[in-house]
Amino acid sequence: MILILKADVDKDSPELKRLYEFLENFSGLNIRMVELEGETRAVREIHLIGPTHNVPEEVLAAMPGIERVVRVSTKYRQIGRHDVSFVPVGFTYNGIRFDQEGLHIFAGPCAVDTPEYIEETFKVLKNLGISTSRMGAYKPRTSPYDFQGHGAACLPWVFELAGKYDIKVIAMEVLKERHIEEITKALEDAGHPTGVMLQIGTRNAQNFELLKAVGSQTQFPVLYKRGMGLTIEESLNACEYIASEGNRNIVFCLRGIKSQLSSPHRNLADFIHVPVIQRQTRLPVCVDPSHAIGSKDRAPNGLMDIFNAAAQGVIAGANMILVESHPEPERALCDGHQSLTPRELEMFVEDVAIVRQAFEKRQNVYSQEIMKEMVS
Ligand code: PEP
Ligand code: MN
């Protein structure tokens, strides 16, 4: 059960004291205060977890200080929509708004390699007017003999270069709790020239201890990548692990699912699930066409499958795109075969803008239809 508090009720108010006293009558309840940053004001909620069946909804609704009582029937208590219209969807991090309306492109190499290539990557992004990037310092690789990433050693110069080119957020995968600490320290030492979105890779999609670790800090938002062999329900439950620890600043990323039937693509693009996640949760939704496709193959008309996959996500309303790019893909240490060159990235950005315009026009047609229905 969720109790949404009135705007003027803060932590020390007498209304809240009375509410807690009342709730003491019900044993076995886990009572948790959750604070959310809304568009116009902070929203405070009291979450009641456990045996709530005999907690009287009407009595609570009539208590001073309570704006609304929501009985949560769904299992996604924290990330679900619950049909509460004024509860905020999305969040702002380092000046960038992430919600179910906007669209951001996060481009960059699979793995951090040399300072020269990273500087070139940021320079290209700045020229394209993009302030969001991706790159891995810690790489989970299928073979132990492949490049595993430079780890903490590269963080100081990566962050410094990001600041130099006004990069506001870098999506960066973490494989264990220690990596969060290393990122925190490196950012602090560098004086916070940029921000980091902690990425949970598909291979760790059900690593519950790691999910709890990224969930129990609120400094960094989390980019959760759907498990390559997990249902939507299983992956949303994994996000619920993150959120139930206190961090609701989560972006849900679709990156294709593993199937023999995806051949010749690396994975089977599941981007039609964008609206499915949007209607079930408050999370912004990302698509990753690079790992879904896994090559730079083109149609006879010249369009890369990566472009077409991204277009599928954008036309369905995706809010973020993760795409791999590299100044010299043939020299990349990881996933060069699917990384766009700077010129290809420029065309990709143009292509996304065209598809996004089409998406906005489609939405317009729909809202005009609704208006007509309301008038008639
Ligand atoms: C990545 O984005 O760098 C990555 C490894 O992706 P995934 O976890 O989806 O395979
Ligand atoms: Mn990759």
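Whatever order the structure lists them in is the order used to number ligands and atoms, beginning at 1.
Looking from atom 5 (C) of ligand 1 to the surrounding protein, the closest heavy atom is Glu173 OE1, 3.7 Å. Of the protein's non-hydrogen atoms, the one nearest atom 7 (P) of ligand 1 is Lys225 NZ, 3.5 Å. Looking from atom 3 (O) of ligand 1 to the surrounding protein, the closest heavy atom is Arg134 NH2, 2.8 Å. What sits closest to atom 8 (O) of ligand 1 on the protein, heavy atoms only, is Thr202 N, 2.9 Å.
By the 30° and 60° cut-offs, the orientation of the rings of Phe220 relative to Tyr93 is perpendicular.
Judged by distance alone, the side chain of Asn204 and the main-chain N or O of Gly201 form no donor-acceptor pair under 3.5 Å.
Taking a cut-off of 2.8 Å, the protein N, O or S atoms nearer than that to the Mn ion (ligand 2) are Cys110 SG, His291 NE2, Glu324 OE2, Asp335 OD2.
For residues 306-334, the set of pairs meeting the side chain to side chain donor-acceptor pair (under 3.5 Å) definition, not counting sequence neighbours, comprises Asp113-His326, Tyr117-Glu328, Gln278-Asn319, His291-Glu324, Glu324-Gln338.
Atoms of ligand 1 lying under 4.0 Å from any heavy atom of Gly201, numbered from 1 in the order shown and given with element: 8 (O). Set against the non-hydrogen atoms of Lys139, the atoms of ligand 1 under 4.0 Å away are 3 (O), 5 (C).
When the heavy-atom distances from atom 9 (O) of ligand 1 to Arg266, Gln199, Arg255 are ranked, the shortest goes to Arg255.
Between Asp335 and Lys139 no salt bridge is recorded (no basic side-chain N to carboxylate O distance below 4.0 Å). In this structure, Glu182 pairs ionically with Arg178, as a charged nitrogen and a carboxylate oxygen lie closer than 4.0 Å. A salt bridge is defined here as a Lys NZ or Arg NE, NH1 or NH2 lying under 4.0 Å from an Asp or Glu carboxylate O, and Arg343 with Glu346 meets this definition.
For the salt bridge (charged side-chain N to carboxylate O under 4.0 Å, His left out) test with Glu45, the passing option among Arg248, Arg77, Lys6, Arg68 is Arg248; the others fail.
Heavy atoms of Met228 found under 4.0 angstrom from ligand 1: none, in either backbone or side chain.
Note that CD1 of Ile170 and CZ of Phe159 are 5.5 Å apart. Values are rounded to the nearest 0.5 Å. The distance from the CG atom of Leu211 to the CD atom of Glu240 is 11.5 Å, given to the nearest 0.5 Å. Here Leu333 contributes atom CG and Gln148 contributes atom CD; the two are 12.0 Å apart, rounded to the nearest 0.5 Å.
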